[in-house]
Amino acid sequence: MGCVDFYRCHHFNDEWYLIEMVLNVRPSEIDWSGIVAPEDGVKESDWQCAYMEQYLNSSGTEKICDTYKEPKEDVYPCRVAFFIYKTAANRLRTPYGDFALEGLEKTPSRLRDIIEFE
């Protein structure tokens with residue numbers, strides 16, 4: 001089984017994608033600094049990275065801890081949601097593989113109702 005069981009890129013608004021993933025790792029093992037949107041002609045240090053990381057329950061209907069915090073329990077697998085700013089980048093590079101950045105669908109209400117965004 002691969003490290004990613006589920007991946008969705010939602011159109012959150014005109015400027016942001018909301019990414020939802022189920023990872024076969026524990027929260028303490030997630031390498032957030034390795035989740036970026038590589039962009040040709042832009043220095044690697046300026047690539048967009050995961051923003052406002054949030055941990056969800058297994059069905060993706062509730063947050064299990066405060067935004068930017070890790071859950072007290074080291075849940076496995078780990079369901080997360082985070083934002084990526086829309087740029088010319090067309091893919092998300094992660095330690096768990098590369099994924100298309102395409103907002104093919106609107107953010108579902110189950111997420112819109114629980115996800116914090118500032």
Side-chain angles (χ1 to χ4, degrees):
M1 178 183 318
C3 196
V4 177
D5 276 348
F6 177 85
Y7 170 82
R8 287 286 186 278
C9 180
H10 303 288
H11 169 78
F12 186 74
N13 62 28
D14 289 341
E15 296 180 336
W16 295 92
Y17 291 120
L18 176 62
I19 309 297
E20 183 181 17
M21 300 178 86
V22 176
L23 303 169
N24 288 314
V25 297
R26 297 181 188 327
S28 61
E29 299 170 327
I30 295 176
D31 177 10
W32 288 109
S33 67
I35 299 176
V36 296
E39 199 172 348
D40 291 339
V42 176
K43 292 187 313 186
E44 187 172 338
S45 61
D46 292 335
W47 289 347
Q48 295 300 315
C49 60
Y51 173 66
M52 293 198 73
E53 305 87 12
Q54 298 171 59
Y55 295 88
L56 309 175
N57 66 358
S58 62
S59 59
T61 57
E62 294 178 20
K63 288 176 50 173
I64 59 173
C65 62
D66 291 337
T67 303
Y68 300 117
K69 304 278 185 186
E70 280 188 17
K72 290 181 182 177
E73 294 182 29
D74 221 10
V75 295
Y76 181 91
C78 185
R79 190 174 196 131
V80 297
F82 56 91
F83 294 93
I84 288 285
Y85 190 75
K86 292 179 181 178
T87 65
N90 61 2
R91 67 187 167 98
L92 183 70
R93 179 186 295 167
T94 79
Y96 320 107
D98 289 358
F99 302 91
L101 280 175
E102 298 172 331
L104 300 178
E105 55 189 55
K106 284 186 164 184
T107 303
S109 59
R110 71 173 168 80
L111 289 177
R112 194 166 282 283
D113 293 345
I114 62 170
I115 293 297
E116 181 180 340
F117 179 74
E118 40 182 71

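Across Asn57 and Ile64, no two heavy atoms sit closer than the pair N-CG2, 3.5 Å. What you find for Ala100 and Tyr7 is that their closest heavy atoms are O-OH, 2.6 Å. Contact between Pro27 and Asp74 at its shortest, heavy atoms only, is CD-OD1, 3.2 Å. Taking every heavy atom of both residues into account, Leu92 and Ile19 meet most closely at CD2-CG2, 4.2 Å. Contact record, Ile115 with Ala81: CD1-CB, 3.8 Å, taken as the closest heavy-atom pair.
By the 6.0 Å and 45° rule, Arg8 does not stack over the aromatic ring of Phe99.
Grouping the Ile, Leu, Val, Met, Phe, Trp and Tyr side chains by contacts below 4.5 angstrom, directly or via other members, places Leu101 apart from Phe117.
Residue pairs meeting the ring-ring contact (aromatic ring centres under 6.0 Å, His included) criterion with at least one member in residues 40-59, sequence neighbours excluded: Trp16-Tyr51.
Counted by atom type alone, Asp98 and Thr94 present zero donor-acceptor pairs between their side chains at under 3.5 Å. Residues Thr67 and Glu116 have side chains that bring a donor and an acceptor to within less than 3.5 angstrom of each other.
Here the two rings, on Tyr17 and Phe12, have centers that are 6.0 Å apart or farther.
Arg79 is linked by a salt bridge (charged side-chain N to carboxylate O under 4.0 Å, His left out) to Glu20, counting only residues two or more places apart in sequence or in another chain.
Here the rule is side chain to side chain donor-acceptor pair (under 3.5 Å) with His11, and of Lys106, Lys86, Glu102 only Lys86 fits it.
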